[in-house]
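In listed order, ligands and their atoms are each counted from 1. Along the sequence shown, the residues carry numbers beginning at 1.
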Amino acid sequence: MNFKGKTVWITGASSGIGRAVAIELSLKKLHLILSGRKENALNEVAEICHKNGSTTRVVPFDLGDENSIREAAKTVLEQESKIDGLYHFGGISQRSFVSETPLSVDLKIFEVNFFGTIALTKMVLPTMIKNGGAQIGVTTSIVGKFGIPYRSSYSATKQALHGFFESLRAENVSNNISVSMIIPGRIKTNISINAIGKDGKSHSKMDEGQGAGMEVEKAAKIIVRKLQKERKEILLGGSELIMVHIRRFFPRLYYYLSSRVKPL
Ligand SMILES: NC(=O)c1ccc[n+]([C@@H]2O[C@H](COP(=O)([O-])OP(=O)(O)OC[C@H]3O[C@@H](n4cnc5c(N)ncnc54)[C@H](OP(=O)(O)O)[C@@H]3O)[C@@H](O)[C@H]2O)c1
């Protein structure tokens, strides 16, 4: 997609990868709708995007609250004539063992990562189809391709997103809806700090592996370049990406290695 003059809605735009992608995209001089819960952080991103020559609309909402999503979608669809791209970056990670995690925590992670993401998509899709097509970008994770310790529901939400959006893509080829699955390995953001533990509270720690991840600005450049090419899968990160190939081609090695991953 040629971004110039287009309208793109980005969730998770207040922090990390979504923020960096919004700023990188703003150099292409387009109209950005910026969402997340933290309005102040979104306004700061909007200011940077303006300086880069783009226009913005800040629409804060909570992915874990269906009414909040509905309100946001209503506001945007009433005020914008067309949505050319909907890029989902909003999400939370997890740091807890299955045996110690109450179902309420699993439900919370599913509400935000899976149900919030599909709810917004379902509210916007009919307009996209009516307008002749659009692009949807969905951020999953390499643990959307396999499971590792300490990430049970996080991994499950990301795998669920693959299933959901592959079906959506197959159903909507003739409607000119393209779907790009964005699959990061480790990117240096606050994801581990914001991850929730067995008590539902923030992990509040920059994990070692996370801190050593790819710089977020570099990640954003790769994502924008590949979104422009409408790639169906955008895999990015460092040496950890090898696990995706090991899981696919050497499953027995994956079973062994995954049981030895340190719970961090
Ligand atoms: N960093 C990595 O290594 C990595 C690897 C694989 C996948 N990912 C995925 O990449 C995406 C972005 O994560 P990140 O690394 O950029 O982490 P981050 O810095 O923690 O950003 C997460 C974003 O999600 C938003 N968000 C969280 N809960 C929300 C809610 N209830 N309602 C609305 N927005 C919510 C946050 O905004 P507010 O706080 O303003 O609500 C924030 O903008 C996530 O889907 C994550 O799973 C990241």
Numbering as shown, the atoms of ligand 1 that approach [X] to under 4.0 Å (heavy-atom distance):
X	answer
Gly16	16 (O), 19 (O)
Leu63	30 (C), 31 (N), 32 (N), 33 (C), 34 (N)
Asp62	30 (C), 31 (N), 32 (N)
Phe89	11 (C), 12 (C), 44 (C), 45 (O)
Phe61	32 (N), 33 (C)
Thr139	9 (C), 10 (O), 11 (C)

Please work out whether any backbone atom (N, CA, C, O) or any side-chain heavy atom from C-beta onward of [X] is under 4.0 Å from ligand 1, and answer side chain, backbone, both or neither.
X	answer
Gln210	side chain
Asn194	side chain
Tyr154	side chain
Thr140	backbone
His88	neither
Ile17	both

Ser178 and Glu230: CA distance, side-chain angles, deciding distance, side-chain hydrogen bond (donor to acceptor under 3.5 Å, both in side chains) verdict
CA-CA 7 Å; Ser178 80; Glu230 300 191 20; 3.2 Å; yes

Below 3.5 Å, N or O to N or O, backbone or side chain included: is there any such pair between [X] and ligand 1?
X	answer
Lys38	yes
Ile187	yes
Arg186	no
Gly12	yes
Val112	no

Going by distance alone, is a donor N or O of one side chain under 3.5 Å from an acceptor N or O of the other, for [X] and [Y]?
X	Y	value
Gln94	Ser153	no
Ser96	Thr101	yes
Ser68	Asp62	no
Glu171	Ser167	no
Thr56	His31	no
Arg57	Gln79	yes

Among all protein heavy atoms, pick the one closest to [atom] and tell me residue, atom and distance.
atom	value
atom 6 (C) of ligand 1	Pro184 O, 3.4 Å
atom 18 (P) of ligand 1	Ser15 OG, 3.6 Å
atom 22 (C) of ligand 1	Gly91 O, 3.7 Å
atom 5 (C) of ligand 1	Gly185 O, 2.9 Å
atom 35 (C) of ligand 1	Arg37 NE, 4.0 Å
atom 13 (O) of ligand 1	Ile191 CD1, 3.7 Å
atom 45 (O) of ligand 1	Lys158 NZ, 3.0 Å
atom 14 (P) of ligand 1	Thr189 OG1, 3.5 Å

Quick check: are there more than 12 heavy atoms from other residues, nucleotides or ligands sitting under 6.0 Å from CD of Glu100?
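Yes, because the 6.0 Å sphere around CD of Glu100 holds more than 12 heavy atoms from other groups.
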
Aromatic rings His245 and Phe249: how do their planes relate, parallel, tilted or perpendicular, breaks at 30° and 60°?
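Rings of His245 and Phe249: parallel, under 30°.
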
Any side-chain heavy atom of [X] sitting closer than 4.5 Å to one from [Y]?
X	Y	answer
Lys28	Gln228	yes
Arg37	Phe61	no
Tyr87	Gln135	yes

Residues at least two apart in sequence or cross-chain that pass ring-ring contact (aromatic ring centres under 6.0 Å, His included) with Phe115, listed by chain then number, are none

Could you list the cluster mates of Phe97? Members are the ILVMFWY residues connected by side-chain heavy atoms closer than 4.5 Å, either directly or through other members.
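So far as hydrophobic clustering goes, Phe97 is joined with Tyr150.
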
So, taking the atom named CD1 in Ile183 and the one named OG1 in Thr139, what distance separates them when rounded to the nearest 0.5 Å?
10.0 Å

Nearest to atom 38 (P) of ligand 1 by heavy atom, Ala219, Ala13, Ser14: which?
Ser14

